[in-house]
Amino acid sequence: MKLTSAEAAKVLRKMNDDYEALLAREHASEVFVAAVSENVEDVRPEYDFAKTRAEERVLAEKIRKLKHAINVFNSTTEVPGFGMTIDAMLVYIPQLTRSRNKLAQMKSRLPKERVEAGFRSASNIIDYRYANYDIEAAQAAYDEVSDRLAKAQTALDLVNSTATFEYSE
């Protein structure tokens with residue numbers, strides 16, 4: 001079957017949910033408590049060890065196959081306009097985000113700020129913190145990184161929602 005990365009993520013999420021539900025059902029029924037006065041067979045929950053193990057193996061294999069297909073797709077599919085594959089973009093976007101966040105702080109700083117006295121409140125000495133860079137350059141860098149980040153996210157979203165890969169269960 002052909003899937004986009006966005007579709008594959010939804011299928012994978014459902015598989016993982018099914019896997020967790022299977023494990024939760026098993027956990028709830030693999031042991032039980034019965035009072036001495038009860039007939040053990042009357043309170044025994046339904047549980048088939050071999051069947052549960054087989055279901056778990058099948059689901060785990062499907063998850064591995066789909067994750068592998070996604071990984072191959074991500075490592076071989078190039079994002080147009082960026083000269084890098086999806087997996088590289090998945091590293092690049094958080095790097096841009098960190099850079100943008102740092103530049104947001106820098107562009108917001110005043111060239112000269114009074115430092116709060118703290119413990120020296122009785123002192124007549126006033127300290128100032130000075131920006132050791134051009135705040136306008138920080139603003140320009142912020143704008144450039146923000147634009148690049150938006151373009152990278154949009155390009156990645158487009159590839160993830162349009163490019164397909166083959167997946168077979």
Side-chain angles (χ1 to χ4, degrees), residues 1-109 118 138 141-169:
M1 97 177 63
K2 285 198 175 278
L3 294 172
T4 65
S5 187
E7 291 168 331
K10 288 176 179 62
V11 171
L12 183 59
R13 191 175 312 114
K14 183 183 180 323
M15 284 181 185
N16 281 317
D17 288 347
D18 291 347
Y19 187 81
E20 292 302 318
L22 174 67
L23 295 180
R25 282 192 312 272
E26 179 180 47
H27 181 71
S29 61
E30 66 188 355
V31 296
F32 67 100
V33 176
V36 174
S37 61
E38 290 180 296
N39 179 347
V40 171
E41 296 308 316
D42 289 343
V43 295
R44 180 183 305 277
E46 187 176 317
Y47 175 63
D48 184 331
F49 176 80
K51 180 181 174 201
T52 302
R53 297 279 48 82
E55 289 175 8
E56 186 268 338
R57 279 191 303 276
V58 167
L59 268 173
E61 183 177 353
K62 285 181 180 182
I63 289 168
R64 280 193 310 276
K65 282 182 177 181
L66 181 54
K67 280 186 146 192
H68 176 70
I70 292 169
N71 289 338
V72 169
F73 175 75
N74 286 349
S75 64
T76 59
T77 304
E78 190 169 301
V79 178
F82 284 87
M84 62 180 84
T85 58
I86 291 172
D87 64 335
M89 286 291 279
L90 294 173
V91 174
Y92 183 56
I93 287 174
Q95 290 172 332
L96 286 175
T97 301
R98 282 190 299 277
S99 180
R100 185 199 60 195
N101 292 344
K102 173 64 176 165
L103 290 167
Q105 292 174 350
M106 294 179 79
K107 77 179 183 91
S108 301
R109 188 166 283 136
Y142 172 84
D143 293 342
E144 190 270 327
V145 168
S146 291
D147 289 346
R148 201 168 354 134
L149 176 60
K151 288 176 184 168
Q153 289 169 327
T154 301
L156 182 59
D157 288 346
L158 181 63
V159 170
N160 281 337
S161 61
T162 58
T164 60
F165 62 91
E166 193 64 38
Y167 166 69
S168 60
E169 290 184 13

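Here the structure is a predicted model, which means the values were calculated and not measured.
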Side chain Lys65, main chain Glu169, donor-acceptor under 3.5 Å
yes
Using 0.5 Å steps for rounding, measure from the CZ atom of Arg64 to the CG atom of Leu59.
10.5 Å
Pairs meeting criterion salt bridge (charged side-chain N to carboxylate O under 4.0 Å, His left out) with involvement of residues 20-30, two or more places apart:
Glu26-Arg53
Kindly indicate whether the side chain of Thr4, heavy atoms from C-beta on, has any atom under 4.5 Å from the side chain of Asn160.
no
Residue set satisfying salt bridge (Lys or Arg N to Asp or Glu O under 4.0 Å) with Glu38, at least two apart, ordered chain then number -> none
What I want to find out is whether Glu41 reaches Arg44 closely enough, with some N-O distance under 4.0 Å, to be called a salt bridge.
yes
Between Glu61 and Arg57, is there a salt bridge with N-O shorter than 4.0 Å?
no
Find out whether Lys62 and Tyr19 are in side-chain contact, i.e. whether some heavy atom of one side chain is under 4.5 Å from a heavy atom of the other.
no
Rounded distance (nearest 0.5 Å) linking atom NZ of Lys151 with atom OG of Ser146:
11.5 Å
Please name all residues satisfying side-chain hydrogen bond (donor to acceptor under 3.5 Å, both in side chains) with Asp87, sequence neighbours left out, ordered by chain then number.
Thr85
State, with a plain yes or no, whether a side-chain heavy atom of Glu166 is found less than 4.5 Å away from one of Lys2.
yes
Could you check if a side-chain atom of Val43 sits within less than 4.5 angstrom of a side-chain atom of Val33, using non-hydrogen atoms only?
no
Value for CD (Glu144) from CG (Leu149), rounded to nearest 0.5 Å, stands at 10.5 Å
If you look at every heavy atom in Ala6 and Ser161, which pair is closest and at what distance?
CB-CA, 4.5 Å
Sequence neighbours left out, what pairs pass ring pair (Phe, Tyr, Trp, His ring centres under 6.0 Å) with at least one residue falling in residues 24-46?
none
Checking the side chain of Thr77 only, and the main-chain atoms of Asn74 only, is there a donor and an acceptor separated by less than 3.5 Å?
no
How far does OG1 of Thr52 sit from CG of Leu23, to the nearest 0.5 angstrom?
9.5 Å
Rounded to the nearest 0.5 Å, what separation is found between the CD atom of Glu7 and the OG1 atom of Thr164?
8.5 Å
With heavy-atom distances below 4.5 Å as the criterion, would you say the side chains of Gln95 and Arg98 are in contact?
yes
Which pairs with one or both residues in residues 89-108 pass ring pair (Phe, Tyr, Trp, His ring centres under 6.0 Å), sequence neighbours excluded?
none
Test item: Phe165 and Ile70 side chains (from C-beta on) under 4.5 Å apart, heavy atoms:
yes
Rounding to 0.5 Å, atoms CG (Asn101) and CG (Leu96) come to a distance of 11.0 Å
For Asp18, which residues count as a salt bridge (Lys or Arg N to Asp or Glu O under 4.0 Å) partner, sequence neighbours excluded?
Lys14
Correct closest heavy-atom pair for Ser108 and Ala104 would be OG-O, 2.8 Å
